[in-house]
Each structure stands twice: as C-alpha cells, then as structure tokens.
Trainee: 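So that we are looking at the same thing, I have put the structure below in structure tokens.
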Amino acid sequence: MSSPDGGGSGASRVEIYDTTLRDGSQQVGLDLTVEDKLRVAAALDALGVDVVEGGWPGSNPKDKEFFARAAEIPWRNAQLAAFGATRRPNRSADGDPDLETLLVANTPIVTLVGKAWTLHVDEALRTSRGENLAMIGDSAGFFVREGRRVVYDAEHFFDGYAADRGYALDCLAAATVAGADTLALCDTNGGTLPDDIVRVVRDVLGAFPSVRVGVHCHNDSACAVANSLVAVGAGATHVQGAANGYGERCGNADLFAVIAGLELKREYELLPPGRLAALASTAREIAELANLPFDAKQPYVGSSAFATKAGLHASAIARRPDAYSHVDPSKVGNRSHVLVSELAGRSNVLVKAAELGLDLSSDPELATAVLEEIKDAEHRGYAFEAADASFELLVRRVTGRGAGKSWPSWFDLEGYRVVIEKSNGTDRSEAIVRLLLGDQRVVAVGEGVGPVHALDQALRKALSELYPQLATIHLVDYKVRILDGRAATSAVTRVMLTSADHDGEWTTVGVSDDIVTASWEALADGISYGLLRAGAEALVPAGAVP
Ligand SMILES: [Zn+2]
C-alpha cells in the first residue's frame, strides 16, 4: 500500500461501500424500521461514504418503501445501491419479477449477487454451470441497458476459487462482458485468511485489469478488517463493510476500522476532508439507532479504545500520550482516558483530574484532600476505574467544598421510602422521594418493576419540571456486585450504573450494606452527572454565597 491515490478519480480511488442496511441488518437483534433505516443512511451519507446499499427491495416491503422515500432525499455524498439476486434459472431477464422490483427501486447502482462456487451451483441452485453464467450475464446486461451501474457480488468467491479457479473466473467474466463495472469478491463464509485474500485478489486483478475489483469480507475468522486492508494493499479499489461490523454470525468487516486504518496508516483519503473526526460519533449514533449496546472495546471508536489503566505510568502518559496509543484519538473523534485505580496514587489522580479540566497540581493541599477522599472511598468499596462520572463528581464536590459549601448539587435528598410488593407472581415497587430543590420541597411518587426502577421514576418525576434536560438521559446498564460474600449478613453491595444521552454514556458507582441505598447513590450520581453534561445549572446551597 505504498502509492495511495485517494483523492483521484476512476478505479484507482478506493470506494467505500456500506452494506449496514442490507447485510449488516442480518445481525441477531438488529431490526430497523424504515424511519431508522433512513436515519442510518443519513448518518452514513453525512460521514461521507461513497455508496449506501439500502436493502433488498425484492425481499420485503420495508426495503421497497425505503427506496421510495430515499429517492426524495438529496444525498450529499453517497450514491444509493439496491441489492438483488441474478434472474431465475431457465427464464428470461426481461419480465423477471425480482429484477423488475430492483429496477423500480430506481437507484443509480444495482448490486447483483450471483453464484461463483460450483458447489452452490450444483447443490443450492441445482442448475447447470452454463446456466448460472447465463444468469449472471443476462441480469447484469439487463441493468446496464437500463443505464445503471452494476456491481457483481460474487458470492462465496474465495471458496469457489479454491474449488475451481477457472469456473470462479468465468463467473466474473460473464459479469464484465455484460457490462458490470465492479467485481466484489465475497468471502461469504468468512473463513479466508489474509495471505489467501492477497493471492486471489492479485490473480483477479491480473485477469481483469480494466474493471474495479473489491472485496466483501465476513468476520468468521476474526480477519474481516485485516482481509479488507490487505485486499486494498493488493490493489482492490472497492471495500464493502458494515457500520460497527454488524452482520450475521460474527459480522461483516467493520467499515469504520477499515476507513480509519486506510486513512491514518496508509494515507488514503476516503472520506471528505475533516470527516474522519466524525467517525466515533457516527458509530455511536448508528448503535443507538440500531438499539444495540455500543462495544467499549471497538477499535478506534469505542469508549475504552484509548483508555489506559495507568498504574505507575500516569505521569509518563500525561507527558507523552503518543507513546501509549497507536493513533491520536482526536483524529477519529475519540479521546484518551486514564483509568483511576487504588494502586496508582497521587500522580494518577492529578492526571485524571486534569483530563476532566480540573487542575489540582497548583494546589497541593486540595490535591491531598481529593486523594484522601478517593482512598477512603476505595477502602469502603467504591471503584472509580470504570466510574468516571462518580470520580468527576467527587473531585468537583471536594474542590467546591470551601466556605461550608458542598457543590455542585442539582438536588438534595431529604428522604425516600420504597415499598416492594410481590402479588400473584408479579413484582411491583412504589417509591416516594422527597427532595429539596433550593428552598423548594418536592415530593414525587414513582412505580416500577423493582425498587431501583421505582426510585428512578420518582426521582425523574420530582426533577422534570426544573430540569427538562432529563428527558434525553436514560439508563443503559445496571450491575450489582457483592463485595464480601463471606460475611453473608454484612456483605457490602457495589452498584455500577451506566446512563446515556445523545452524545455518549457515563458510569457511576454506589456502595452500601443495603442494595437500595447503593443503587440510589449510583442513580443520583448518574442523574447529576447527566445534568452537569447537559449544562443544567447547579443549585446554590441555602446560606452559601454564590
Ligand atoms: Zn455478506
């Protein structure tokens, strides 16, 4: 990959082809409405991918409706592709109802999937090998005559090549002779390893020097991104993949990792200038639209992708962040984190506070006070490593404590009562929360399936009028751990709670002998931190000078 030509045009520029809405949505648990699909497409378009494959209009009415509505939208960067299979065996392409549906989708690009593996022609299609070639050629020709750009998705290409190289290449030839301008070599079963990808891509490029050759890799051998990168290194100029690596079984190639790898490490320009910095937020946005948990460990874009458990290295990390991460996280719109842990001590806490914009280094007394507070809390069972938000609130409260203040605070708890009921096999809890909001006293009742849910409901109700920002904050995860299982009755409970808004998520921690108290702490911190993020003004404690 030594001669990138990202900015140019023609087959030498690497084309990014997104299949989140078609292949990606085969993932278990991923079910997008038409509205969701349009929003995902808009996010990908805004990011700047070249092609968005909107779906398979012949396979379901939802995809048909998507194309009808997508046609009304002025896309900024992306061209739309509709996906479908080659014509049926022993029929004409003209009048084939599935090809007709594809045509009606009215996209500039039509992607045709067709067999390239003799085993599938013989056993799945159960037609002659010659007929399969005719199906590919006829179908491609049909759309080329209609003025469409045709991408041939050569299904199971790498397995087909291994079984019968001559026939696999004949399939590609049938498509190109009919006018297909792109050959996408699919590793449909995802079992191919990088060295084989390189060898086969080179061979195909040699045989078809005047068409665009690309790859479509699945991740069953954990090589989908690697395979896509080495394919480009071998000369491929078209890469198919899905947002966040979504897809059936182990997923498709994670398009975001492919883009970041090629732009940051091989100097290709795949996205419009400046758009790479939108990678992390786009990845998160699509995860939210897909209603799937966002993987903290996802390369480049995950919240832990640049998180370092610092230990003794905290000050070194602060001095030379580039020595501890493979790329500058800001280039993909992410940021680095130093994780706080008991072992790390003073320098770690200073670095962590600085990362949050709180400079403690100029005030050694304050730094000591913060450190003591953290040590004390950790001794009681708090863990701040994964609970950045509680850590930040703790530091802010310690630093804002002067002159009798305990700040910032968005509400003060006067008390709560929770009733837990089990009746006819149904769990139901009711919580009454009494809060002080400045000089105002608010009482609210909430109901839920468990005590924590009921407390959350009551707290939100009590705060909703003063803080409309709460509407965008929601709970995404709740974990309970018993810290000392030996002393069964006096065991300490630690609750970790993750909340999210449109821009990201944060984790808070609560610790107590009592699970409801621990949950309340984590919940109250989670809401407080959400309000801090949303820019809600904190209350000035009664009697304090603002
Ligand atoms: Zn696929």
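Throughout, residue positions are numbered sequentially from 1 according to the sequence presented. Model, not experiment: these values are computed from the prediction. Remember, it's 1-based here, ligands and their atoms both numbered in the order they're listed.
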Trainee: With a cut-off of 6.0 Å (strictly less than), are more than 12 heavy atoms of other residues, nucleotides or ligands near NZ of Lys64?
Mentor: no
Trainee: Do we see a donor-acceptor contact under 3.5 Å between the side chains of Asn132 and Tyr167?
Mentor: yes
Trainee: Tell me which one of Asn252, Asp18, Asp153 satisfies side chain to side chain donor-acceptor pair (under 3.5 Å) with Gln240.
Mentor: Asp153
Trainee: Relative to the Zn ion (ligand 1), which of the N, O or S atoms in Asp23 is the closest?
Mentor: OD2
Trainee: What N, O or S atom of His218 is found closest to the Zn ion (ligand 1)?
Mentor: NE2
Trainee: Restricting to N/O/S atoms, is His216 within less than 2.8 Å of the Zn ion (ligand 1) or not?
Mentor: yes
Trainee: Are any side-chain N or O atoms of Ser390 and backbone N or O atoms of Val509, one a donor and one an acceptor, separated by less than 3.5 Å?
Mentor: yes
